[in-house]
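Only a predicted model underlies this, so the values are computations on that prediction, with no experimental measurement involved. Worth knowing before you read on, the calculation uses all heavy atoms, side chains too, and leaves out hydrogens, waters and symmetry mates.
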Amino acid sequence: MKKLYQFIFDYLRKRMPARNPRFPHLDQPLKVMIIYESDVLERNDAIKSIRQDLLKRQMDVTMWGYVEKKEITTLILPQSRILGTNDYTWWGKPTSDVITDLQAEHYDLMIDLTTHPLLPLRYLAMYADADFKVGLNLGEGLHDMLISLPDLTPEQGEEVQTEASWLYNQIMQYLTTIKSND
């Protein structure tokens with residue numbers, strides 16, 4: 001089944017219109033979207049601290065997460081939403097309501113903190129309406145700027161949230177460095 005889901009995703013990705021990315025200037029107020037892997041308990045402390053950091057930088061932040069379970073306990077809020085398996089069709093594609101909500105807002109910057117190739121989050125990255133998309137290099141060509149993650153072994157005790165924090169720090173370092181060289 002996973003091969004079929006991947007085939008459908010690849011087909012839809014190839015049919016997406018060509019993008020004309022615009023690099024964000026972090027010294028201006030930006031509208032930022034964060035895509036992340038939620039923990040099972042939906043606490044996401046590391047993601048919330050990332051959101052607080054962006055709010056301190058005078059940015060308007062919206063967060064979209066995904067967790068592999070049917071019943072989501074977190075409320076759907078305008079600035080934060082966690083999706084579950086019920087928000088996707090039998091073919092693995094987001095429901096039309098999710099796509100409509102996702103494309104209702106335009107963002108200056110989309111930060112994809114996904115550290116594993118989860119198809120539901122790759123759909124979010126594909127359908128998000130953002131001027132500039134940045135995320136981990138997972139090989140599908142959805143982002144305008146790619147970051148490589150070092151190989152982590154289970155003995156290192158790295159969890160998804162720690163990897164997301166590391167990835168966020170790398171992304172912000174590159175975005176500020178590139179901006180300073182303009």
Side-chain angles (χ1 to χ4, degrees), residues 1-16 19 21 31-48 50-51 54 61-74 76-77 79-107 109-149 152 158-171:
M1 271 319 247
K2 287 187 178 186
K3 287 184 180 182
L4 178 62
Y5 293 159
Q6 184 63 46
F7 177 79
I8 293 168
F9 174 79
D10 290 338
Y11 174 78
L12 293 172
R13 182 178 50 84
K14 289 176 184 173
R15 297 192 62 198
M16 293 295 289
R19 293 181 29 79
K31 194 166 190 175
V32 178
M33 175 186 201
I34 298 175
I35 295 176
Y36 66 97
E37 302 167 57
S38 176
D39 58 31
V40 176
L41 298 176
E42 302 173 27
R43 290 189 184 142
N44 305 308
D45 294 329
I47 302 300
K48 289 177 182 174
I50 289 169
R51 181 179 188 274
L54 290 171
V61 182
T62 302
M63 305 182 313
W64 283 66
Y66 174 79
V67 65
E68 190 75 30
K69 64 182 191 180
K70 289 184 179 181
E71 297 299 322
I72 303 301
T73 57
T74 305
I76 296 174
L77 302 171
Q79 298 298 317
S80 178
R81 182 171 182 176
I82 297 178
L83 302 175
T85 55
N86 285 342
D87 294 304
Y88 290 82
T89 66
W90 191 81
W91 296 103
K93 183 180 173 189
T95 62
S96 59
D97 293 341
V98 170
I99 293 174
T100 301
D101 292 348
L102 182 63
Q103 293 180 333
E105 294 288 329
H106 174 78
Y107 301 96
L109 174 64
M110 183 200 77
I111 300 174
D112 186 349
L113 298 177
T114 305
T115 56
H116 300 92
L118 292 173
L119 197 58
L121 290 171
R122 291 167 52 203
Y123 270 110
L124 293 181
M126 181 172 72
Y127 285 120
D129 181 17
D131 288 338
F132 195 78
K133 298 179 180 184
V134 61
L136 189 63
N137 185 3
L138 297 175
E140 70 270 335
L142 295 174
H143 303 97
D144 303 313
M145 186 172 92
L146 301 171
I147 305 293
S148 294
L149 188 67
L152 300 173
E158 296 289 335
E159 296 179 7
V160 171
Q161 297 300 325
T162 305
E163 293 173 6
S165 297
W166 180 89
L167 182 57
Y168 169 75
N169 290 332
Q170 293 297 307
I171 288 170

Where do [X] and [Y] come nearest, in terms of heavy atoms and distance?
| X | Y | value |
| --- | --- | --- |
| Ala164 | Ile47 | CB-CD1, 4.1 Å |
| Leu142 | Met126 | CD2-CB, 3.8 Å |
| Val61 | Met63 | CG1-CG, 4.1 Å |
| Asn44 | Asp39 | OD1-N, 2.9 Å |
| Ile82 | Ile72 | O-CG2, 3.6 Å |
| Gln79 | Arg51 | CB-NH2, 3.8 Å |

* Asked: Under 3.5 Å, is there a donor-acceptor pair between the side chain of Asp87 and the main chain of Gly84?
  ->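 Such a contact is found between Asp87 side chain and Gly84 backbone.
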
* To do: Measure from the side-chain N and O atoms of Tyr127 to the backbone N and O of Thr100, and report whether any donor-acceptor pair falls under 3.5 Å.
  =>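 No; judged by distance alone, with no hydrogens or angles, the pair does not exist.
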
* To do: Show the numbers, then the answer: is there a side chain to side chain contact (heavy atoms under 4.5 Å, CB included) between Leu124 and Leu83?
  => CA-CA 10 Å; Leu124 293 181; Leu83 302 175; 3.8 Å; yes

Give, for atom [atom1] of [X] and atom [atom2] of [Y], the distance between the pair rounded to the nearest 0.5 Å.
| X | Y | atom1 | atom2 | value |
| --- | --- | --- | --- | --- |
| Tyr107 | Leu102 | OH | CG | 7.0 Å |
| Leu12 | Phe7 | CG | CZ | 10.0 Å |
| Leu119 | Lys2 | CG | NZ | 10.0 Å |
| Tyr168 | Leu54 | OH | CG | 3.5 Å |
| Ile171 | Leu146 | CD1 | CG | 10.0 Å |
| Trp64 | Asp101 | CH2 | CG | 5.0 Å |

* Going through the checks in order, is the side chain to side chain contact (heavy atoms under 4.5 Å, CB included) test met by Tyr66 and Ile35? -> CA-CA 8 Å; Tyr66 174 79; Ile35 295 176; over 6 Å; no

* Asked: Which of parallel (below 30°), tilted (30 to 60°) and perpendicular (above 60°) describes Tyr123 and Tyr88?
  ->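 Aromatic pair Tyr123/Tyr88 classed tilted.
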
* Mark yes when over 12 heavy atoms from residues, nucleotides or ligands other than Arg19 sit less than 6.0 Å from its CZ; otherwise mark no. =>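 Check passes, neighbour count above 12.
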
Is the shortest side-chain heavy-atom distance between [X] and [Y] below 4.5 Å?
| X | Y | result |
| --- | --- | --- |
| Glu37 | Leu113 | no |
| Trp91 | Leu4 | yes |
| Ile50 | Ile111 | no |

* Would you mind telling me which of Arg81, Lys69, Lys48 makes a salt bridge (charged side-chain N to carboxylate O under 4.0 Å, His left out) with Glu42? =>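 Single pass found, and it is Lys69.
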
* Which is it for His116 and Leu121 under the side chain to side chain contact (heavy atoms under 4.5 Å, CB included) test, yes or no, and what are the steps along the way? -> CA-CA 9 Å; His116 300 92; Leu121 290 171; over 6 Å; no

* To do: Report the C-alpha distance between Glu105 and Thr62 in whole Å, list the side-chain angles of each, state the deciding distance to 0.1 Å, and finish with yes or no for side chain to side chain contact (heavy atoms under 4.5 Å, CB included).
  => CA-CA 10 Å; Glu105 294 288 329; Thr62 302; 5.9 Å; no

* Asked: Any salt bridge (Lys or Arg N to Asp or Glu O under 4.0 Å) pairs touching residues 109-135, not counting sequence neighbours?
  ->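 Salt bridge (Lys or Arg N to Asp or Glu O under 4.0 Å) check on residues 109-135 returns Arg22-Asp131, Arg122-Glu140.
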
